[in-house]
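All remarks here apply to the structure that follows.
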Amino acid sequence: MQDSDFQRFSVILPTFNEAENIEKMASTLFGLYPGIKVLVMDDNSQDGTIEICREMEKNNADFRINIRDIKDKGLTASAMEGIVKSETEYFIVMDSDFQHPPAILRKLMEGLLSGSDMVIGRRSEKGALSTGRRVSSNAAQHLAAFYLCFIGQQGSKDIMSGLFGGRTEMCRKVIQEKEQEFERMGFKILFDLLKFINPDAKITEVEYEFGARAGGESKISSTIIISVLRQCGVFGKGCASIANAVLSKK
């Protein structure tokens, strides 16, 4: 892999109140992969993230921040918009909090350059997750895997992964054609992409160790199960509505 190949990639960073991490993350990415594009999709942060990014944008043409519509908040919606706005051949979606190690991006890039249509970062160790999040993540994985099998689509050993890359044009087309069927307020855009991507697409995985947050607070809660249910067709949406009703009475 040549250094010039980095220019063929955009790293999409959905952010909300990541002032503690964003500058260090961007600097780390540019240090490891000179020429890569970094695209921050911010959900109207109030902690100084936007101001920090504006300053970085002034000094680096490869860095951009987009302030998203405040009425369209959500991790999935941010990643969707980032993929659509990406101007490079390939993209990688990752978090800004260093739970996704920047060094692993090289393996994702190599997979895409070798012919994969999508490369998924598969967590080898979820010890950095709280017990509640780990249980929710495992339950959501089984639920999503069952649904993908049911509709005849390819799955993954880590459908709940927030680290993945793909061919921009292919994924942009999926988003534009199926936009109304995505769970925009959800957390797991990868699941939606796997639902609608060409069944013959070449999907590979790269294993990595999931780390602890470098700073800030997690945005994910136990609502992940309800969110994933909403992504599982009409029956899943019905189950999600029932679950919401039950929880609202507690």
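One N or O on the side chain of Asp192 and one on the backbone of Glu183 form a donor-acceptor pair closer than 3.5 Å. In this structure, the side chain of Ser161 engages the main chain of Gly121 through a donor-acceptor pair within 3.5 Å. Checked by atom type and distance alone, the side chain of Asp43 pairs as donor or acceptor with a backbone atom of Gly74 at under 3.5 Å. At least one donor-acceptor pair closer than 3.5 Å links the side chain of Gln141 to the backbone N or O of Ser156. A donor-acceptor contact shorter than 3.5 Å is absent between the side chain of Glu177 and the backbone of Phe196. Using a distance-only test at 3.5 Å, with no hydrogens or angles considered, no donor-acceptor pair links the side chain of Tyr33 to the main chain of Gln7. Checked by atom type and distance alone, the side chain of Gln153 pairs as donor or acceptor with a backbone atom of Lys195 at under 3.5 Å. With hydrogens and angles disregarded, a donor-acceptor distance shorter than 3.5 Å links the side chain of Gln154 to the backbone of Pro199.
In this structure Glu207 satisfies the side-chain hydrogen bond (donor to acceptor under 3.5 Å, both in side chains) test together with Arg122, sequence neighbours excluded. Annotation: side chain to side chain contact (heavy atoms under 4.5 Å, CB included) contacts of Ser10 (sequence neighbours excluded): Lys37, Ser86, Thr88. For Leu32, the side chain to side chain contact (heavy atoms under 4.5 Å, CB included) criterion is met by Thr28, Pro102, not counting sequence neighbours. The salt bridge (Lys or Arg N to Asp or Glu O under 4.0 Å) test applied to Lys178 returns Glu181, not counting sequence neighbours. Partners of Arg106 according to the salt bridge (Lys or Arg N to Asp or Glu O under 4.0 Å) rule, which considers only residues two or more places apart in sequence or in another chain, do not exist here. Taking the side-chain hydrogen bond (donor to acceptor under 3.5 Å, both in side chains) definition, one finds that Glu179 meets it with Arg184, sequence neighbours left out. Applying the side chain to side chain contact (heavy atoms under 4.5 Å, CB included) criterion to Glu51, with sequence neighbours excluded, gives no partner residue. Every residue two or more places apart in sequence or in another chain that forms a side-chain hydrogen bond (donor to acceptor under 3.5 Å, both in side chains) with Glu55 is listed here: Lys58. Residues passing the side-chain hydrogen bond (donor to acceptor under 3.5 Å, both in side chains) test with Thr49, sequence neighbours excluded: Asp47. The side chain to side chain contact (heavy atoms under 4.5 Å, CB included) check on Asp69 picks up Lys71, Asp72, with sequence neighbours excluded.
Residue Met1 is grouped with residue Phe30 when hydrophobic side chains (ILVMFWY) are merged at heavy-atom distances under 4.5 angstrom, including chains of intermediate members. Cluster membership check: Met160 does not share its hydrophobic cluster with Phe146, using side-chain heavy-atom separations under 4.5 Å among Ile, Leu, Val, Met, Phe, Trp and Tyr. Linking ILVMFWY residues whenever their side-chain heavy atoms come closer than 4.5 Å, directly or via other members, leaves Met185 and Phe191 in distinct clusters. Linking Ile, Leu, Val, Met, Phe, Trp and Tyr whenever their side-chain heavy atoms come within less than 4.5 Å puts Ile159 and Ile151 in one cluster.
The aromatic rings of Phe210 and His100 sit tilted, their planes meeting at an angle between 30° and 60°.
Residues Pro101 and Tyr208 share a closest heavy-atom pair of CD-CD1, 3.5 Å. Shown here for Ile197 and Met170, the closest heavy-atom pair between the two residues is CD1-CE, 3.4 Å. Summarising the geometry of Ile50 relative to Ile65, their closest heavy-atom pair is CA-CD1, 4.0 Å, with the distance given to 0.1 Å. Scanning all heavy atoms of the two residues, the minimum distance from Asn21 to Phe98 falls at O-CE1, 4.1 Å. Of all heavy-atom pairs spanning Ser78 and Met41, the tightest one is O-CG, 3.6 Å.
Atom-to-atom distance recorded for Ser45:OG and Ile52:CD1 is 9.5 Å, nearest 0.5 angstrom. Distance CG/Asp42 to SG/Cys53: 6.5 Å, rounded to 0.5 Å. Put simply, OG on Ser96 and CD1 on Ile12 are 11.5 Å apart, with the number rounded to the nearest 0.5 Å. Distance check, rounded to the nearest 0.5 Å: CG of Leu190 to CD1 of Ile120 gives 4.5 Å. Interatomic distance, CZ of Phe91 versus CD1 of Ile83, reported as 3.5 Å (0.5 Å rounding). Rounding to the nearest 0.5 Å gives a distance of 9.0 Å between CD1 of Ile92 and CG of Leu29.
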side-chain contact (heavy atoms from CB on, under 4.5 Å) assessment of Met94 paired with Met25: CA-CA 11 Å; Met94 69 179 297; Met25 173 57 75; 3.9 Å; yes
Could you go through Arg54 and Ile67, starting from their C-alpha distance and side-chain angles, then the distance that decides it, and tell me whether this counts as side-chain contact (heavy atoms from CB on, under 4.5 Å)? CA-CA 11 Å; Arg54 289 295 190 206; Ile67 313 302; 3.6 Å; yes
Test side-chain contact (heavy atoms from CB on, under 4.5 Å) applied to Tyr147 and Leu194, step by step: CA-CA 11 Å; Tyr147 185 73; Leu194 290 173; over 6 Å; no
Checking Phe16 against Lys73 for the side-chain contact (heavy atoms from CB on, under 4.5 Å) test, could you report, in this order, the C-alpha distance in whole Å, the side-chain angles of both residues, the deciding distance, and whether it holds? CA-CA 9 Å; Phe16 180 66; Lys73 293 182 69 173; 3.6 Å; yes
Which atom pairs, one a donor and one an acceptor, fall under 3.5 Å between side chains of residues 107-116 and the rest of the protein, sequence neighbours left out?
| from | atom 1 | to | atom 2 | distance (Å) |
| --- | --- | --- | --- | --- |
| Ser114 | OG | Glu110 | O | 2.8 |
| Ser116 | OG | Gly111 | O | 3.4 |
| Ser116 | OG | Thr204 | OG1 | 2.9 |

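Inter-residue side-chain proximity for Asp62 and Ile36 is flagged as unmet; no heavy-atom pair is nearer than 4.5 Å.
Judged as a salt bridge (Lys or Arg N to Asp or Glu O under 4.0 Å), the pairs with a partner in residues 86-95 (not counting sequence neighbours) are, in order, Arg8-Glu89.
Under a 4.0 Å N-O distance rule, the pair Arg123/Asp158 qualifies as a salt bridge. Electrostatic pairing of Glu205 and Lys157 does not count as a salt bridge here, judged by no charged N lying under 4.0 Å from a carboxylate O.
Phe164 pairs in a side-chain contact (heavy atoms from CB on, under 4.5 Å) with only one of the listed residues (Leu193, Ile203, Val206), which is Leu193.
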